[in-house]
Amino acid sequence: MTELAAHPCRSRCAWRPTRRELAGLPVLACQGCGSQWVRSEPWTPIDHDGRIPDAVRAELARRDTG
């Protein structure tokens, strides 16, 4: 995997961990649209209900601690 997938949101966002990595970072993916995210991205994924999933929070904590 060399880059992340980015697709338009369909208001069904549900972010989950995957078994993939990009540059040594765990990749999380949206089960609604297939977009992907790693903690080095400058944005924060949220689920369709506006909440930040626990898996995303854990990765953000790792980003903040280096």
Side-chain angles (χ1 to χ4, degrees):
M1 171 183 269
T2 58
E3 59 185 64
L4 298 172
H7 304 285
C9 182
R10 297 180 186 161
S11 299
R12 297 183 285 181
C13 294
W15 289 89
R16 303 290 182 263
T18 68
R19 293 186 174 134
R20 298 183 185 123
E21 288 189 351
L22 178 65
L25 299 175
V27 174
L28 280 68
C30 176
Q31 293 180 332
C33 72
S35 292
Q36 299 172 320
W37 177 83
V38 293
R39 67 178 174 248
S40 61
E41 291 292 305
W43 55 281
T44 301
I46 59 172
D47 282 351
H48 63 89
D49 59 6
R51 295 182 186 173
I52 300 173
D54 290 340
V56 172
R57 286 183 189 277
E59 286 301 302
L60 290 172
R62 289 184 184 118
R63 176 174 72 186
D64 293 340
T65 61

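All values below come from the heavy atoms of this structure, side chains included, with hydrogens, waters and symmetry mates left out.
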To the closest 0.5 Å, what do you measure between CH2 (Trp15) and CD (Gln36)? 8.0 Å
Please walk me through it: do Cys9 and Cys33 pass side chain to side chain contact (heavy atoms under 4.5 Å, CB included)? CA-CA 6 Å; Cys9 182; Cys33 72; 5.5 Å; no
If you measure from CZ on Arg39 to CG on Leu22, what distance do you get to the nearest 0.5 Å? 11.5 Å
Show the nearest heavy-atom pair for residues Pro53 and Pro45, with the distance to one decimal. CD-O, 3.9 Å
Those residues that, when tested against Ser11, pass side-chain contact (heavy atoms from CB on, under 4.5 Å) (two or more places apart): none
Distance-only, no hydrogens or angles: does the Ser35 side chain make a donor-acceptor pair with backbone N or O of Cys30 under 3.5 Å? no
Applying side-chain hydrogen bond (donor to acceptor under 3.5 Å, both in side chains), name anything that partners Glu41, two or more places apart in sequence or on another chain. Trp43
Which heavy atom of Trp37 sits nearest to which heavy atom of Leu4, and what is that distance? CA-CD1, 4.1 Å
Would you say Asp47's side chain and Asp49's backbone share a donor-acceptor pair under 3.5 angstrom? no
Residue that, paired with Glu59, satisfies side chain to side chain donor-acceptor pair (under 3.5 Å) out of Arg57, Arg63, Arg62: Arg62
Is there a path of hydrophobic side-chain contacts, each under 4.5 Å between heavy atoms of I/L/V/M/F/W/Y residues, joining Leu25 to Leu28? no
